[in-house]
Structures are given as C-alpha cells and as structure tokens.
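Right, one structure below, let's go through it.
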Amino acid sequence: MAQNIEPYRQTVKACLKDKTYYIDFYQREYVWRKKTVEILLDDIFEVFEQSYYPHKDADLTQELMESFNWYYMNVFITNKINNKVYIVDGQQRLSTLTLIAVKLFHLTNNDQRKKLLLPCICGQDYFTGDVYCIDNDKRKRAMDSILHGTPIALPYKNQTENTLIDRYSDISTYIDNKKLDEKTLDAFIYYFMNKLVLVELSIDNQDDTAMVFEVINDRGEALKPFEILKGKLIGALPKSDTDIYSSKWDSSMQAVKGVEDSFFINYLKSRFVFKKNSEKENQINNAYHRYIFDDKDDASVLGFRKIDLNRVLSIKQFIEDDVVYYSKLYAKIIRNENEYLSYSNNIHKLDGQYQLIMAACTINDTEEDEKIALIAKEYDRLHMLLRMNGVYDSNDFHSISYSLNERLHGLPINEYRSVFDEIIKDRIKDVKTTGNVNSVLDFVRFSQLGYGTNIDQTALYYILARVENFLCSKMNIEPENDVQYMSTKHSPSYGYHIEHILSDNEENKAYFSTEEDFWERRNNIGALLLLKGRDNISSGNELYKDKLETYSHGTKWANTLCKSFYNANPDFRDFNDWLTTNKHVSFVPYSEFGVPEMEARCRLLYELVKIIWEVD
C-alpha cells in the first residue's frame, strides 16, 4: 500500500523561505492570543539563552552556533493540490513565526541579515509587489502595514487582520524588552532561522486530509465540534468545490455566531429525536459531529459516509439547503422577539420550542412567520396548562416535546391546536387516572393551585404577571413593568413579591374551621396578589381593611379589591360588564375578605386565565 503521509524535518528557514502557503477551509482565522504568543517566546528564548550565554564572549562561528540546543516547534500538516500547498493544521504557529521574522527584520541593521530574513516573510511579484508567505490574498493589507510601518485602513476586513496587527505589537514589545545588543541579536537571528525545528507532514491524498484533521483536533486542540464537522464534510468534496461550499458554511455560521454547536444540536434533535432517548440525546449533545456518521439509521438518512452512494451530492445539498436555511431560522427565533418565545426561554428556561419550529418549517417555508408565532404560543400554552392542571413533570415534558418534533413535521398549521390539546388531555388522563377529560383546564384542578401547592413559584409569578398584563391591555394602559420583569425580578426594593391577602392574624383565622385549614387555604391562588417592592413588606400582618390602602396603589389585580378603583376606569367597567354577560363572573370590591371572597376571586381568576390561554 502506498504511503500517503510523508514527514519532513525542517528549520524555520526551510519552512518559510520562498514558500507560498494557502490556508485550507479547515483552518479558522488567525486567533492566537497574547498569552499564547508570549509562552512560545518564553520557551524559545529560554532554550536560546541556555546555549548562548555560556559562550557570549566567544566568536560566533558556524561551528559554535550549530552546537546550540535545537528547539522543537511541533508538527504542521500540508496538502498539495494542483501545485498549491495548503496548510491543513499549524497556521497559528507558522503565522506567529512570520511575525517574529518581521520584528527581527526591523530590528537588525545588518543588510545581510535582512536579506536572509525577507524571503521568510514575503517574495516579490513584478505586478503586485510583496507576496507574503502565508495566505497572501487575505493578509496582504495587514502584512503590508506591519512590514512597511504604514497604518491599515479601518475597519478590519476579518479577524485575522486584527489579530496580526495586535500580535505583532505584542511580539515587538516582548523582544524590545529583551534589550538585545547587536551580537546577541545576530546570534538569535541565526538561532531562529536554523535551530527552531518543525516537522512537516505532507498529505498526498485529499481523502486522508479530513481524517488527519479530525484526529489532531479531537486530541487536545481547541476546535469546536462544528469546526470539525466542517472539515469532515467539505473535505469529502472535490477541491474545485471546497471554496464555494466553505464560503456558504462560513456565512451560515456567522448568523449563529457563538451558538453554532447549539444550532446543530437543536437541528439534529428536531430531525431525529422523537422520544426521550438518553443514549441518543447524549450522543448528539456531546459529539454530534461523530453521531451523524456513526448512527446507522440517521447516518443513512443523511448520507455523509464514504459508503453512501450519493455522498458528495448529499453533503452539497445539506450545506446549501439545510445549513443555509435553518441557521438563519435559528438565529431569528433565538433572538426571542416573539413574546411567547421570550416567556418560554427567558422566564422558564425552556428551549424545546426552537426544535419544534425547526421541525415544522421546511426549507424556505412560505409559512415560516405564521409557524413561529403559532408554535411559540402553543408551546407556552402547553407548558402552562400542564402546570395549572398539576400534571407537569420535567422528564415527561421533554418526551412530549420530542414527540411533537415528529407530529408537527408536515402538519397543516390549522391542526396545531387540536394536536396540542390532545396531548394535554392525554397527560391529564395518565396522571389523574380519569376516564374522560372534557377540558384542557377545569376549575377543580385550577382551584387547587397556590403558593407552594401544585405549581412551582416561577409559574405562579408568571400567571399573576400575565393576568396583570392582560388587565392593563383591557384598560388601554401600559403596565408599569413587563411580564418578564414581574415574573423574575424579586429584589426587596424594585422587584415583585407574592402577597397573601389573608395575613397571619386572629381575625383572618376566625374565617376558617381550624388553624390548620387557615394555613393551608390562605395559600390558595384566589387569595394571592403581586405587589412591587416594599408594598408587600409594608402590608405585613395588617388587617384586611388596613391593607386596602396599600392595594389601592399596587398592581391592577390588587386595585380591583378597592371600591375607589371602579369609579375612574370606564374601559375597565366595560370589560367587567362583558365578563358578567359572557363569563358570568365579575370584579367586585370587597370591604372584608374571607372564604367566600377567596373562592369568588379564584373563580374570577380561572375565567381570566381561560381567556389568556385560550381555553374553550
């Protein structure tokens, strides 16, 4: 079998002099940080100084310099295609060596040394002038600025330009601080050119490039799964196609910059996870870039493996269709500009809604905006109705969400509500072991909700915040704070807090048959309010009649307990009349608050919740 990888031991001079390297699509921008460069310089100077200073007073002969210890700079990998040499791995190190060469070029006053260093930086072209050793097309502006000391026109065109300028400044400062005299500088230039050793691995067969790249970067290099995936997919394409598909990939990743891996994880789950499966979930969460090649069923659908007949076509279609479209879609929905997406993610810390939207939307979907709006609302409704029915379980909710990945795919949008309602009713049947469920929320189950009872605190805050927001909309006024603020901000001075209308005092306890009954039922959702800041503290254990002053300048839900509120709000009175006629409940001010009033408020709140979450 022919050997496809050849190793070559080379000095810096041999690696860089009169060479032209292209950066393959596998490689990211030049991103080395100051600390990384300084660690490299520390290591190089440490080995140089150990060899040089014992002989610093001797003549610098070639024989003496050759006795200096050499310093191993690791491996770089190249791939030669159509007479062009591409760097597959190692451009960060080679780029840094080039910058060191430029600094030494500027520092020396010896013309002979300058002539030796310049070919390690650039060559000359009759028409274009300096042609730099590494990625000339992308780096010429920055390297011209560094070599000739001219300002670069801002803004930077890419991250590499910015990093080259910054790291050269760091290298220049570092070497200046060494305060090298002429003899020491001369010795260091020789050491840099001839005693720093790299090993070049040259790959002859392009098919081996992606494999070598993945092995290297899976063993300690700081590449992320989406970057490795790019190398594996585009590395399988003919070289004539790599630039165009690499560009498509990079543009798509720019849309989801910072969340690239989350995008692929959610995309793959939307396509392939239809029930809770810990093994498959873990594979996708931890190593999706391997999963899509290793899982027999899903890998066969994707068709990216060497054994797949239409591998190249499948990869091209995946990049130009799925990656391009779904990355834009994902970027759009995670901005949470839709209020229901924001509620689910920012308040309840859920993300299954993103998978459902990707599962429901087809490539370039003409109904994309409608699907986003409907699924966002239905997901919030599903989540909250399960909680208000007392049947929510986080593990089961994940399973339900995964099942919807399959059910929503290809489903007409006018059928979404019936599917979600069916899921809610089935869940109630399973948990409550009841035969017939007529409503997705009945009053008996709702009336059992309360502070610390059958619902978590965040969801309770959220219900009361949504009611407050709803009441303000019916009064044609803006709420003092939005739903997210009311649901999540709980600082003593400016946040919202749960207020118990029934305080701990003897008058209130007298409304109940036992003290135990009082402590249990005072937590009922019908006896709760949201109050802001110190209003909740100031009301303390006051008698109800004394609390009304606080409630009169509290939230609207609190205001409705006060008689004075009804006189100055005609829009609210109109809404209350509508409630009386259509829902057979009404807002009523109370001069005292006992069990009947609590039950009436609970029934009123139930009808408001049904309107807000669209329960028939």
Side-chain angles (χ1 to χ4, degrees), residues 10-17 30-74 91-122 130 132-134 139 142-152 160-198:
Q10 301 187 44
T11 62
V12 167
K13 180 171 70 174
C15 288
L16 296 178
K17 183 180 179 182
Y30 177 50
V31 294
W32 265 18
R33 298 180 181 181
K34 179 181 179 181
K35 183 177 180 181
T36 309
V37 170
E38 288 180 342
I39 289 172
L40 176 63
L41 287 166
D42 285 343
D43 290 346
I44 292 172
F45 271 97
E46 180 182 6
V47 179
F48 165 70
E49 289 166 356
Q50 287 173 355
S51 295
Y52 173 71
Y53 281 113
H55 306 285
K56 65 184 178 66
D57 296 325
D59 292 335
L60 296 180
T61 63
Q62 183 175 0
E63 181 180 5
L64 175 63
M65 295 294 290
E66 283 300 316
S67 70
F68 285 8
N69 293 329
W70 57 275
Y71 178 74
Y72 175 56
M73 291 283 298
N74 216 322
Q91 66 122 339
Q92 307 290 328
R93 189 171 290 104
L94 289 177
S95 299
T96 304
L97 291 173
T98 304
L99 294 177
I100 295 172
V102 176
K103 176 58 182 176
L104 297 176
F105 176 84
H106 285 312
L107 207 55
T108 183
N109 294 315
N110 186 311
D111 290 341
Q112 182 62 30
R113 303 294 177 257
K114 286 184 180 289
K115 288 180 181 178
L116 291 172
L117 285 163
L118 190 60
C120 296
I121 303 165
C122 64
D130 295 330
Y132 295 94
C133 296
I134 301 176
R139 302 182 179 207
M143 292 303 295
D144 276 345
S145 173
I146 292 167
L147 182 61
H148 301 297
T150 56
I152 188 171
T160 293
E161 285 190 343
N162 192 351
T163 309
L164 286 169
I165 298 292
D166 289 348
R167 292 299 80 78
Y168 178 73
S169 175
D170 298 332
I171 290 167
S172 182
T173 299
Y174 183 100
I175 295 179
D176 285 343
N177 289 337
K178 284 291 182 179
K179 301 186 185 312
L180 304 176
D181 59 33
E182 185 176 347
K183 182 180 180 182
T184 306
L185 174 62
D186 202 36
F188 183 74
I189 290 173
Y190 182 93
Y191 186 85
F192 172 78
M193 299 276 283
N194 297 284
K195 301 301 287 185
L196 301 186
V197 174
L198 302 92

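- Residues Leu40 and Met73 have side chains in contact (heavy-atom distance under 4.5 Å, counting atoms from C-beta outward).
- The backbone N or O of Asn69 sits less than 3.5 Å from a side-chain atom of Tyr191, completing a donor-acceptor pair.
- When all heavy atoms are compared, the tightest approach of Ile146 to His106 is O-NE2, 3.1 Å.
- Tyr72 has its side chain out of reach of Val47: every pair of non-hydrogen atoms, C-beta onward, lies at least 4.5 Å apart.
- Side chains of Ile189 and Leu116 form no contact here, defined as non-hydrogen atoms less than 4.5 Å apart.
- To the nearest 0.5 Å, the span separating CD on Glu182 from CZ on Arg113 amounts to 9.5 Å.
- Between the CZ atom of Phe105 and the NZ atom of Lys114 there is a distance of 4.5 Å, given to the nearest 0.5 Å.
- A 4.5 Å side-chain heavy-atom check between Met143 and Asp130 finds every atom pair outside the cut-off.
- Remark: Lys103 pairs with Ser172, Asp176 by the side-chain hydrogen bond (donor to acceptor under 3.5 Å, both in side chains) rule, at least two apart or across chains.
- With values rounded to the nearest 0.5 angstrom, Thr173 atom OG1 is found 13.5 Å from Lys178 atom NZ.
- Between the side chain of Ser169 and the backbone N or O of Ile165, no donor-acceptor pair lies under 3.5 Å.
- With sequence neighbours excluded, no residue forms a side-chain hydrogen bond (donor to acceptor under 3.5 Å, both in side chains) with Asp166.
- Side-chain atoms of Phe192 and Ile44, non-hydrogen and from C-beta on, never get closer than 4.5 Å to each other.
- Applying the side-chain contact (heavy atoms from CB on, under 4.5 Å) test between Leu185 and each of Asn110, Asn109, Leu107 identifies Leu107 as the sole match.
- Ring-plane geometry between Tyr52 and Phe68 is classed as perpendicular, the angle between the planes exceeding 60 degrees on a 0 to 90 degree scale with a lower cut at 30.
- No more than 12 heavy atoms of other residues, nucleotides or ligands shown are found within 6.0 angstrom of NZ on Lys34.
- To the nearest 0.5 Å, atoms SG (Cys133) and CG (Leu97) are separated by 11.0 Å.
- Pairs passing the side chain to side chain donor-acceptor pair (under 3.5 Å) check and including a residue from residues 56-68, sequence neighbours excluded, read Glu66-Tyr190.
- Closest of all the heavy-atom pairs between Tyr132 and Leu147 is OH-CD2, 3.7 Å.
- Rounding to the nearest 0.5 Å gives a distance of 11.5 Å between CD1 of Ile100 and CD1 of Ile121.
- Although no hydrogens or angles enter the test, the distance criterion places a donor-acceptor pair under 3.5 Å between the side chain of Ser145 and the main chain of Thr150.
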Test side chain to side chain donor-acceptor pair (under 3.5 Å) on Tyr30 and Thr96; report intermediate values, then the result.
CA-CA 9 Å; Tyr30 177 50; Thr96 304; 2.8 Å; yes
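- Minimum interatomic distance between Gln92 and Val31 (heavy atoms only, all atoms of both residues): OE1-N, 2.9 Å.
- Within 6.0 Å of the CG atom in Asn177, the count of heavy atoms belonging to other residues, nucleotides or ligands exceeds 12.
- Counting only distance, with no hydrogens or angles, the side chain of Ser95 and the backbone of Gln91 share a donor-acceptor pair below 3.5 Å.
- Closest heavy-atom contact between Ile171 and Leu99: CD1-CB, 3.6 Å.
- What you find for Ala187 and Leu60 is that their closest heavy atoms are CB-CD1, 3.7 Å.
- With salt bridges taken as basic N to acidic carboxylate O contacts below 4.0 Å, one links Asp170 and Arg167.
- The CG atom of Leu104 lies 6.0 Å from the CZ atom of Phe188; values are rounded to the nearest 0.5 Å.
- A distance-only check finds no donor-acceptor pair linking the side chain of His55 to the backbone of Met65 [under 3.5 Å].
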Given side chain to side chain contact (heavy atoms under 4.5 Å, CB included), test Phe48 with Thr184 step by step and report yes or no.
CA-CA 10 Å; Phe48 165 70; Thr184 306; 4.1 Å; yes
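- Across Met193 and Leu117, no two heavy atoms sit closer than the pair SD-CD2, 3.7 Å.
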